[in-house]
Each structure stands twice: as structure tokens, then as C-alpha cells.
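Proteins get letters first, then strands, A, B, ... in listed order; numbering begins at 1 in each.
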Protein chains: 2
Amino acid sequence: MNDMGTRSGDGTVGKALDVLDQVAGHGRPMRFAEVLAASPLPKATLYRLLQTLVNQGMLRLDAETGAYSPGLRLVRLAHMAWARSSLAPIARPFLDELSKDVCETIHLAQLDRGQVLYVDKRNARQPIEMFSGAGKVGPGYCTGVGKAMLAHLPDDERAAALPLQAFHAHTGHTITSAEALEAELAEIRAAGIAFDREEHEPGIICIAAPILSPGGRVMGALSITTSTDRRSLEDLATLKPRMIATAARIAEAASAWQFPDRTET
Amino acid sequence: MNDMGTRSGDGTVGKALDVLDQVAGHGRPMRFAEVLAASPLPKATLYRLLQTLVNQGMLRLDAETGAYSPGLRLVRLAHMAWARSSLAPIARPFLDELSKDVCETIHLAQLDRGQVLYVDKRNARQPIEMFSGAGKVGPGYCTGVGKAMLAHLPDDERAAALPLQAFHAHTGHTITSAEALEAELAEIRAAGIAFDREEHEPGIICIAAPILSPGGRVMGALSITTSTDRRSLEDLATLKPRMIATAARIAEAASAWQFPDRTET
DNA sequence: GGACTAGGTTCCATTATTTGAAACTTTAGT
DNA sequence: ACTAAAGTTTCAAATAATGGAACCTAGTCC
């Protein structure tokens, strides 16, 4: 519903993946007509595309209801992607430790096209909520992790990421312009830490630290979230050293995990 | 000019997904030349396909090393697929309970083209091993969950699934022919429960129950795994009532979760 | 230093694949 | 039985994919 100029249709494959996103992103199984209504593609084209995707196991077509839903092949790919391309497996022990330490919700996130992609999570209460946390996306401009990562992006990438932000005013505290965000990012860069001051949800605040490679590249970010009636921002700020330390240890572990190829300059 | 027996075939999209599988399935980032060597596609074609996949965020191309790895967009899709098309989110509380009850490894699995796809897992010791369990695939003919699911498949689907089995003799106990498997499946169907009698790994046994919809369709299976030096098969068998009960409750919860469409006949 | 080599990228005429309006079939509603 | 809507197939035209070969580029060897 926000910015339309999404992925430029990379030929047939692009279209197919768009359809996949469409169907997978929808909250429940979609009938053909529904998909058709939501897609710019003509009937016949869409039809064959869906057929192909089902054939490939990326979508599942329920014979009973004739509705499409994400296929199990995605779960398989999912595993591979998460296990190898995300910080989550590496960061897990550190998150566990931090979680035991401070009893608050913890997020581990990475940046994907200017958006925040949560790749792991620890809940205050529950031992662990598995996939339920991993894979979710959120806005970059009004979350702690988002701002922490954007702040430390190289100039050109940051310039590319800012126009992708929706700048929707979720609350009265939300930053709603690229200029204001740039200013905030500069502060965050200087401070080494980011805060979410009820910018996304009223009553919800967080402190976030970027995870930077030895070369200074942004690898991800982690955050501790709480609510204003449990803790104050000042209170959260006292966690800064622990967050920085944890972020550093994750970065170190991630670098060590690098394959014996060329490491960074 | 495609009379050579390509498995996928489905036009450009099929090829692209094959490449995706190839790269994601490989244990570590792949350089272009590596992918090329492992692919039947000509250089230029592969090159453009990879470009497209990177463009679409399904793969990531590390600028430093020029190596391809799974992209974060997959993680996003992953989440959706897992959250909506698998039993895992629904079954979680029941698995937790069962896990607390019996202190053994528990698996939740679904069937994907005759193969077992594990969608959730509880470890005996460790709190939870996250993705490390979900997304993995295993053989259908020599695992408890696999046999439990195959046993309750409708005749035509079972007939389609059996030829997909590898029937590799992992151990001396492995069932190595379709006929023998059919006989075992009939027994399992009658007993309502399946055992893995060291058929996959020596010393590893398990008891597995199918999760059947009210209409009798196979939705998945769950299993409790242990080793012969900790428990005997007879010992495991005493867990049967609890497994059946848990499976029934999961099935019920899953049915209740069905969207207000047409429910099963 | 120069020339060799392997990995990576681009060109472009050819060709297969995709396209989509429309016709057709099936399913659901009255 | 009739009608409307959803789903499926057809086929000529248009488009996008193809892949052999040329072309870079960076590293290596003599």
C-alpha cells in the first residue's frame, strides 16, 4: 500500500516471485480470483505462473478449497537462508546470555532494503518463541534497530535507504522526514547507541546497538525493548555498556566464522 | 531443444528455482564458477539468472568475495511459510507440554513429496534448538514420523509416494523394499502408532503418531526419540496413549484454526 | 615487464517461451 | 434449468530467454 515502485519486474522470474510474495504475504489462503484481483497480470498469465509455483513446491494448492498458500519447499529454503545468511545462529548464545541477564524482550535484526528484518528474538517470559519472531519485517526509520543500522551505513547506501522509508507517523514521537532522520542518525552515530522513544508504538521504548564488522560494515543490530510503565529511558540507558559489549562479541564471533577466504580490508 | 530429462522443466522460473536450491543448499557461499560447474546451464544464462535472483533478494552477492549466498528475502518468505503452512505454530503449546512431560527429543514433521520435513523440535537437554531442527528433511521410509504419515495416506497418494523412497539400508533393520514397507504400513495403520526400530541410525529408536484431521487426512506426525541404552522399545511403547492424545489435540486445534471456508467432508 | 590464464561480464542474432484476448468448461447460486 | 462467476485452455503475436563467442579484468607465471 505504501511505495509502489517496488521491485522492477525482472522478467518472468521477477513476476513469479512477486506473485509468491503476494500469496505468502497475505494472511490466509488465497483463491485464484483473489490473487488475480491483487495482481496486475492478466488471467492466463497469472494462472500459468501459479501453476508453475505449485509445481515447484513454492506454493501449495489445497484441492478442497482451491486456495493457494505458501509451500513447504519454502520452509526448506528458509532453513538454509536463516542458518547461513543471518546472524542468528552465531548470535544465539550471546542473546541467551543477555536475555538471562536483563529480563526484557530482545531482538536481533538485519537490514533488508531499508527495512528491518528480525532474525531472532527472546521474550521476557517465554523460553523462546521460535520462528514466530524470525522473519518478521518492520520499518527502519522508527525502530531502535532500524535507526542503529541506518546510522552506520556508508553514505551511499544510507542515501539509497532513506527514500525507501515510509515516514508514517505511528505516534506523536515518530520522525517523519528524511532530514530529521538524518540528524537523528548523526547523533546515533556519535553516541554509538540508538533509542526508540515511543516512535513506533506508544508506551514502547527500546535501546539498540549496531553490530559492526571489524571493517565497520553494518551486520545487524540488537535491541532491548520495554514499556514506559516498567522502565524509563534513563533506566534503559544504563544497559548501554552491556549492549555494546554483546554487539562486539557477536561481531567478533561472526568475523571468526568467516570462511577462509579474503577477510575484510 | 529440451528433450533431455530435466527434472524441473517449468520454464525459466523452474530453472531459477533450481539455481536457488543449488546455491542455498550448498554449505557455504559459492562463486560464479562453482555454480557454473554444478549447473547444466550455459555461462551467460546462468549469469543472468543469478543476477536476477540477487536483484530480487533471493540471493546475496558478497561484493568482497564475489560469492553467492541465500538472501534475506528468503527468510521473510520462510517466516510466512512456516507460520501459515506448517503445523508448528499451532502445535507448539502441545509440544512444550509433552516435552516437559517426557524428557526426550520430540519432532514435529510433515510430508513433502514423500520426504519428511521437520517443522519443529524439542531437545531433551537444551531449551530449544531453533531452526536447527525446523526445515531439515529426512527419509520417509525409515523414520517413525515418515512411516506414520505414509501409513495413513490415501491409497493413491501412498502409491505415488512409495516410488520416491530411496530404500537405502542405513542399518541392518532398515526396510529396503516397497513390499516390506507396505506390510509395515498396514501394521502401523492398524496399531495407530509407528516405531523406528533402529532403522535409520543404530541405537536410535522412536515412537511416532500421525496427526490426522477429523476427515482422516494426514496433516503431520510427531515422534519421541531416544537411544537404546536409555530406553527400550517396550518402554517407549508405554508413551503411546500420551502421544495419541497429543496428536489428537493438535489435530483438533488445527481444525479449529481452519478459516471459515468449507471444512472437510 | 609482458603475455598468459581463469574468472567474470557483455553482445546480439536466433529461437523458444511467454503472453493475453477470447473462447471454453466447470462450479456455484437461484 | 438457467445464469453468473470462477477457473481452464487455445493460439497467433510479441517478448524475453538463449548461448556461442567476443570481451574485459585481475591475478600469475615466465
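The residue from A:I90, A:L117, A:V119 that alone fulfils the side chain to side chain contact (heavy atoms under 4.5 Å, CB included) condition with A:L108 is A:V119.
Taken to the nearest 0.5 Å, the CG atom of B:L150 stands 9.5 Å off from the CG atom of B:L164.
Between B:Y47 and B:F32, the two ring planes are perpendicular [angle over 60°; tilted spans 30° to 60°].
Rounded to whole Å, atom C1' of C:dT18 lies 16 Å from atom CG of A:D10. Residue A:L49 contributes atom CG, which lies 14 Å from atom C1' of D:dA16 at whole-angstrom precision. The CG atom of A:N55 sits 14 Å away from the P atom of D:dT8 (whole-angstrom rounding). One atom, CG of A:L46, and another, P of C:dA21, lie 13 Å apart when rounded to the nearest Å. Protein atom CG of B:L41 is 12 Å distant from nucleotide atom P of D:dG20, rounded to whole Å. Look at CE on A:M30: it is 15 Å from C1' on D:dA6, rounded to the nearest Å.
At least one side-chain heavy atom of A:D155 sits under 4.5 Å from a side-chain heavy atom of A:R158. Counting only heavy atoms from C-beta outward, the side chains of A:L111 and A:V218 never approach each other to under 4.5 Å. A 4.5 Å side-chain heavy-atom check between A:V19 and A:Y68 finds every atom pair outside the cut-off.
Contacts of A:T12 with the nucleic acid, taken as non-hydrogen atoms under 4.0 Å apart, involve only primed sugar atoms and P, OP1 or OP2.
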Protein-nucleotides 8-12 of chain C N/O pairs under 3.5 Å:
| from | atom 1 | to | atom 2 | distance (Å) |
| --- | --- | --- | --- | --- |
| C:dG8 | OP1 | B:R31 | NE | 2.9 |
| C:dG8 | OP2 | B:A33 | N | 2.8 |
| C:dG8 | N7 | B:K43 | NZ | 2.9 |
| C:dG8 | O6 | B:K43 | NZ | 2.8 |
| C:dT9 | O5' | B:Y47 | OH | 2.9 |
| C:dT10 | OP2 | B:Y47 | OH | 3.3 |

